[in-house]
There are 2 protein chains.
Amino acid sequence: MTPQRMAIMKYLDGNTCHPSAADIYGALRERFPTMSLATVYNTLEALKEKGAVIELSIDRGKKRFDPNPEPHHHLMCIRCKAIVDVFVDFPLTLPDGQTQGFEIVGNRVDFYGICKSCSDEQKGTTERNQ
Amino acid sequence: MTPQRMAIMKYLDGNTCHPSAADIYGALRERFPTMSLATVYNTLEALKEKGAVIELSIDRGKKRFDPNPEPHHHLMCIRCKAIVDVFVDFPLTLPDGQTQGFEIVGNRVDFYGICKSCSDEQKGTTERNQ
DNA sequence: TACTAAGTAATAACCATTCTTGTCAAGTAT
DNA sequence: ATACTTGACAAGAATGGTTATTACTTAGTA
């Protein structure tokens, strides 16, 4: 267990911002100036295999990581890409006629919306423009 | 309306394979050797703005396009990335306490599984290995 | 010490996507 | 009808996120 790896794990522990690899890299490079982005990816991959983090694909073009192992869904702001957790359990089972021969192994529910601060910003802009 | 654009639209019409931009490009380049991948992207973007196609983010790292305007969900094979449509309506509303100030604008339900042909392949392999 | 294995950093490579720019066609004014 | 303007378009270049490769370092071990 190297200092870099420990720092990444500590940064993730309890983090609810669902950071990307670049976010983590950016947050830790000050304390670990020699750490490379590849190390972050490697560590995240290792943590993912251990089940310590979950890789989210809610944000196209960027992997986001979630250290919360409890099953839950996500809500993403379409403006600022902030992601928050949603702890509501939806009963989602497909009727046999709809599985089309697939063996279902999981599902995912994502909500999209506009977060408070983005919504406030827009209001401010609108007011200024009037 | 250029021939390329018409060909892309025709290829998509009635297509239930949820092709990626590269899929479309690969399918049409023989008939339109001078067409570029960027043209496919441009056309898909234009069609998306018109509401003629929907962009799926079920497949990380690749945009997939769906010409079916009817609201529905998707089921993807985690092996071969095949995507099929799921026409089941789930009532998904977040209780006020869970929206965290977000103005919800949409949601998405994706199912993941292993399709019949991938499942059969695996069985064959297992048998051979025994 | 020498050997091994794991971890790291740096860089290059890769792929999907987006940006930029030159070209062409249609419309408009002279 | 001709020159000018505008806008759409395709092609190639560029970008950004991610992965692969390589060599170096460190720790553990015989």
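Keep in mind that this is a model prediction, so the values were computed, not measured. Each chain gets a letter, A, B and so on, in the order the sequences are listed, and its residues count up from 1.
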Q. Strictly by modelled atom types, are H73(A) and D110(A) linked by a side-chain donor-acceptor pair under 3.5 Å?
A. no

Q | Any donor-acceptor N/O pair, R60(B) side chain to K62(A) backbone, under 3.5 Å | A | yes

Q: Using the test ring pair (Phe, Tyr, Trp, His ring centres under 6.0 Å), find all partners of F65(A) that sit at least two apart in sequence or belong to another chain.
A: none

Q: Consider only side-chain N and O atoms of S20(A) and D23(A), and report whether a donor and an acceptor are under 3.5 Å apart.
A: yes

Q. Do the side chain of Q100(A) and the main chain of D85(B) share a donor and acceptor less than 3.5 angstrom apart?
A. yes

Q. How long is the line joining CZ of F32(A) and P of dG7(C), in whole Å?
A. 16 Å

Set out, line by line, the N/O atom pairs under 3.5 Å between protein and nucleotides 24-26 of chain C.
none

(Q) Across nucleotides 14-20 of chain C, 5' to 3', mark each nucleotide with B, S or - according to how protein heavy atoms within less than 4.0 Å reach it. (A) --SBBB-

Q.
Can you tell me if Q4(B) touches the phosphate of dA10(D), counting only side-chain N or O atoms and a distance under 4.0 Å to OP1 or OP2?
A. yes

Q) Counting distance only, does the side-chain N/O of Q4(A) pair as donor-acceptor with the main-chain N or O of S36(A) below 3.5 Å? A) no

Q. Would you say dA9(C) has OP1 or OP2 under 4.0 Å from some side-chain N or O of T39(A)?
A. yes

Q. Would you say the side-chain atoms of R31(B) pair up with the backbone N or O of A7(B), donor to acceptor, closer than 3.5 Å?
A. no

Q) Under 30°, 30 to 60°, or over 60°: which ring-plane class applies to H18(B) and H72(B), parallel, tilted or perpendicular? A) tilted

Q: Under 4.0 Å between any heavy atoms, over every strand shown, what does T34(A) touch: base, sugar-phosphate, or nothing? Just pick one.
A: sugar-phosphate

